[in-house]
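Scope of the values below: all heavy atoms of this structure, side chains included, with no hydrogens, waters or symmetry mates. Just so it is clear, the structure is predicted and the values come from calculations on it, not from any experiment.
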Amino acid sequence: MDLFEPDGNGANGVNGVNGANGVNGADGVNGAEHALPPPPPVIPPDVVPLRPEADNIPEPVKKKNVRVPIARRGLGTKGTKIPLVTNHFKVNVTNIDGYFFHYSVSVSYEDGRPLDGKGAGRRIIDRVHETYHSELGGKDFAYDGEKSLFTVGSLPRNKLEFAVVLEDMPSNRNNGNTSPDGHGSPNESDRKRLRRPNRSKTFNVEISYAAKIPMKAIGDALRGQESENSQEALRVLDIILRQHASKQGCLLVRQSFFHNDPKNFADVGGGVLGCRGFHSSFRTTQGGLSLNIDVSTTMIIQPGPVVDFLIANQNVRDPFSLDWMKAKRTLKNLRVKTSPSNLEYKITGLSEKPCREQTFTLRNKHAKDGEDGEIEVTVYDYFANHRNIQLRYSADLPCINVGKPKRPTYIPLELCSLVSLQRYTKALSTLQRASLVEKSRQKPQERMSVLSNALKINNYDAEPMLRSCGVSISSGFTQVEGRVLPAPRLKVGNGDDFFPRNGRWNFNNKKLVKPTKIEKWAVVNFSARCDLKGLVRDLIKCGEMKGISIEPPFDVFEENPQSRRAPPMVRVERMFEDIQSKLPGQPQFLLCLLPERKNSALYGPWKRKNLAEYGIVTQCIAPTRVNDQYLTNVLLKINAKLGGLNSLLAVEYSPSIPVVSKAPTIILGMDVSHGSPGQSDVPSIAAVVSSRQWPLISRYRASVRTQSPKVEMIDSLYKRLSESEDDGIMRELLLDFYTSSGKQKPDQIIIFRDGVSESQFNQVLNIELDQIIEACKFLDENWNPKFVVIIAQKNHHTKFFQPPSPDNVPPGTIIDNKVCHPRNNDFYLCAQAGMIGTTRPTHYHVLLDEVGFSADDLQELVHSLSYVYQRSTTAISVVAPVCYAHLAATQMGQFMKFEDASETSSSHGGVTSAGAVPVPQLPRLKENVSSSMFFC
């Protein structure tokens with residue numbers, strides 16, 4: 001037949017997938033009962049990235065059909081109804097016959113150079129608005145801060161040119177308290193080369209007509225007819241909100257804004273503060289246009305004296321213990337205010353020498369004839385003697401440089417204070433992240449009251465641009481009807497049934513459904529302090545109670561104390577030499593004790609050695625408090641890694657899952673994880689996990705690859721090397737499904753994709769799905785499986801509440817009406833029990849359903865997949881395959897970490913003047929562990 005017979009070299013690279021949960025309700029293709037009449041048939045000629053050639057015109061044979069997300073086919077009906085409210089506020093638009101006019105803006109200096117940097121744009125456009133109000137026909141603007149400006153109705157002419165003058169040019173968020181006179185900093189009139197009577201600059205501004213956008217496009221979108229116009233019209237409304245916040249001196253981060261109010265700051269350590277603000281965006285929903293407002297948090301640099309920030313950032317006792325090379329990197333491009341002049345500057349670097357030794361040339365005003373008109377003075381001497389400013393501690397510390405590379409301007413450290421609301425974009429440490437989560441979580445009722453207040457504080461009714469569009473925003477939360485789906489019944493050991501309660505269950509007095517045997521194993525201890533004998537004894541005893549038969553370990557390998565200070569890779573090498581010299585053969589399993597609980601430098605090298613070089617299953621632990629619960633959780637992970645199963649869905653056991661049990665079905669979870677925002681040359685990691693041993697949907701394996709930094713679309717699903725070779729992810733997973741499912745090819749492929757935004761849906765449907773189809777065709781030309789494509793989104797701002805109850809919505813709550821998309825097939829699911837903070841629902845978008853699920857069957861499948869996560873005894877917030885993809889990507893990402901642990905990464909995004917830099921490849925896992933749940 002085809003290439004489905006395994007070809008000897010097996011599928012041997014396993015890579016992890018990123019787990020998202022919760023599925024969005026799609027309804028039956030073949031006419032399931034409709035709870036609502038279907039929306040008017042829409043053949044959207046312009047669902048967004050769709051190009052005109054994709055319209056239904058007779059096409060030449062080669063033309064590719066562009067897929068667009070499917071329309072909703074009906075609503076779900078199962079479950080107990082529950083009244084809820086959501087943080088969407090109804091918006092009315094009365095001026096639907098009007099037009100937004102879009103103008104492009106270009107700002108340049110007097111000499112024609114374009115304006116560099118973003119900060120000054122808004123100030124310049126504000127000045128144009130004040131100065132030339134009548135020439136602009138008295139119109140208000142919505143300006144995006146960059147190159148676009150919008151008005152309601154047109155300006156008097158299609159092209160307008162203005163010149164405006166701005167005094168001194170600090171950055172935008174100064175809240176009006178800079179002093180334009182600038183007396184008294186070392187680069188004022190004291191220095192010949194910088195003598196300027198004042199610091200005003202002239203700018204030329206050109207405003208030219210670009211397009212007009214009918215407001216009725218918003219109404220079209222609400223009827224399900226999205227177009228480029230409707231997206232643009234909503235973008236204008238969002239820009240009006242951003243501008244409104246900007247005028248109040250807020251920091252803007254995409255659609256979120258942050259006020260300069262210390263009440264909103266929470267110290268998370270390391271000189272970093274969490275700053276609480278608000279997200280707000282207009283959304284089209286089945287219930288009409290709504291404004292979605294939510295609490296949002298961003299990270300900012302601790303404002304105030306630079307020295308205090310550096311001491312906190314480096315966690316040292318005093319400024320004399322600071323690492324100045326590190327300080328220079330941290331401070332570069334941050335903005336400071338200097339005292340006593342109160343002027344604002346951007347830091348360009350630090351002085352080479354300390355303040356009392358660093359010299360510069362000062363013009364000598366009192367020089368007599370024949371004397372030199374310039375004298376060399378130290379920065380310290382200048383401030384102490386010429387300016388009478390006593391410096392307490394700066395003499396032996398470097399100065400802050402705020403000048404140009406060839407014309408430095410030095411200011412003593414203690415005279416510089418960091419300006420508020422400067423974003424911190426590096427990755428947070430584990431401790432900072434934990435502190436942030438703890439300080440920013442809010443109970444549902446608290447969040448509701450904060451959001452109600454936000455609407456009052458923002459006073460959108462007073463915004464002139466919104467008034468001229470006829471936009472009014474209701475002050476009440478939108479009411480919606482949810483349904484609570486019953487938890488699926490589970491099977492545990494001895495064929496026993498178990499009914500989860502409140503999204504949780506446990507294995508007290510119960511055995512695992514498929515326990516493994518652990519015979520050849522050993523313990524490895526990397527200098528962790530622990531009662532090893534007691535730990536092993538308790539682990540064996542706990543295993544016995546769960547049905548896992550564990551023989552005594554062959555040996556306990558303690559690290560030689562002299563190795564402790566060696567680099568992580570050397571420590572791992574030495575440990576393996578010890579293991580090999582003493583064990584009679586390769587162990588089935590190694591239990592590894594690490595000294596640090598989080599981010600141990602040994603973790604990556606240890607995992608890589610075991611999985612990629614030897615093919616040994618390993619479990620790392622860093623035991624602090626060892627009790628029965630802890631040991632049970634560890635055993636759940638070990639059992640899954642060694643091929644066992646902890647619990648199964650009863651419908652999987654029987655097997656009687658609607659649609660999925662009737663024909664061979666593979667379930668995929670796909671995710672891409674990227675480096676933190678500050679790291680632009682760290683490769684992104686794409687992970688895909690796939691179900692195996694159909695009709696099971698609880699067993700998965702993973703395949704993981706690297707790709708170019710910050711690229712979201714997976715590019716290695718199909719990788720044709722020659723006529724007969726495909727080295728892509730999908731081939732590996734499809735062959736594994738075939739061999740593990742009784743030599744059956746999947747007729748149905750259900751894909752859960754995590755981490756993509758709405759603007760990328762069409763790429764998933766066309767770029768990624770095409771690769772998957774090509775991989776299938778490469779295996780067998782005549783094979784045409786049916787596809788279901790579902791996006792799982794956690795990164796959104798819709799929340800649900802059940803007032804007057806102080807609790808979160810119950811686990812299993814599903815919403816597919818009122819705040820969902822007017823046309824597309826989406827739903828929100830809260831599968832998990834929200835214990836702390838406010839539950840974040842997962843937003844599932846069903847982009848394609850060729851199988852023909854009814855709304856209820858698909859929603860139930862998604863709900864059930866939140867109960868098959870082998871690592872815990874709780875329902876998780878997103879379907880297990882998405883979580884597994886995330887785990888696999890994260891674990892294999894650690895393989896690379898220790899090779900490239902550069903703290904400062906360059907910002908060229910993997911591209912140099914010589915072209916694209918090849919992305920380093922991950923090692924492939926050994927065949928005997930590649931199909932295991934090593935990521936569990």
Nearest-0.5 Å distance, [atom1] of residue [X] to [atom2] of residue [Y]:
X	Y	atom1	atom2	result
L636	I548	CG	CD1	7.5 Å
N633	N627	CG	CG	9.0 Å
I667	L861	CD1	CG	5.5 Å
E573	D578	CD	CG	13.0 Å
M892	R608	CE	CZ	8.5 Å
L642	K514	CG	NZ	15.0 Å

Check whether any side-chain heavy atom of [X] lies under 4.5 Å from a side-chain heavy atom of [Y], and answer yes or no.
X	Y	answer
L631	V626	yes
L648	V492	no
F589	I638	yes
I666	I750	no
F554	K520	no
H674	P709	no
M575	F526	yes
L602	P595	yes

Minimum heavy-atom distance between [X] and [Y], given as atom pair plus value:
X	Y	answer
V536	P553	CG1-CD, 3.6 Å
V756	E712	CG1-CG, 3.7 Å
V868	L865	CG2-O, 3.6 Å
P515	G547	CB-O, 3.2 Å
V919	P683	CG1-CB, 3.5 Å
F895	G604	CD1-O, 4.1 Å

Any side-chain donor near an acceptor of the partner, [X] and [Y], under 3.5 Å:
X	Y	value
Q891	Y603	yes
N639	T516	yes
T665	Q748	yes
S877	K794	yes
Q619	K641	yes
R504	T874	no
Y614	Q580	yes
E652	S698	yes

Are D736 and L733 close enough, and set up right, to give a side chain to side chain contact (heavy atoms under 4.5 Å, CB included), and what steps lead you there?
CA-CA 5 Å; D736 176 76; L733 301 179; 5.7 Å; no

Sidechain-backbone polar pair: [X] side chain, [Y] backbone, donor-acceptor under 3.5 Å:
X	Y	result
S684	Q707	no
S932	F934	yes
Q793	D754	no
N808	M835	no
H843	I791	no
Q432	S429	yes
S864	E860	yes
R625	Y630	no
S654	A650	yes
N610	T618	no

For atom [atom1] of [X], decide whether the heavy atoms of other residues, nucleotides or ligands shown that lie under 6.0 angstrom number more than 12.
X	atom1	result
K517	NZ	no
E544	CD	no
N795	CG	no

Check [Y] with [X], please: is the shortest side-chain N to carboxylate O separation under 4.0 Å?
X	Y	answer
K491	D497	yes
E768	R753	yes
E559	R574	no
R537	D531	no

V524 vs L591, test: side chain to side chain contact (heavy atoms under 4.5 Å, CB included). Steps then yes/no.
CA-CA 6 Å; V524 170; L591 180 68; over 6 Å; no

Do Y700 and F935 have ring centres separated by under 6.0 Å?
no

Is the distance between the ring centroids of F576 and W606 under 6.0 Å?
yes

So if I apply the ring pair (Phe, Tyr, Trp, His ring centres under 6.0 Å) rule between Y867 and each of F498, W505, F499, which one comes out positive?
W505

Steps toward side chain to side chain contact (heavy atoms under 4.5 Å, CB included) verdict (N646, K546):
CA-CA 9 Å; N646 302 328; K546 305 291 174 272; over 6 Å; no

Would you please test T838 and K443 for side chain to side chain contact (heavy atoms under 4.5 Å, CB included) and show each step?
CA-CA 5 Å; T838 304; K443 285 279 180 205; 5.8 Å; no

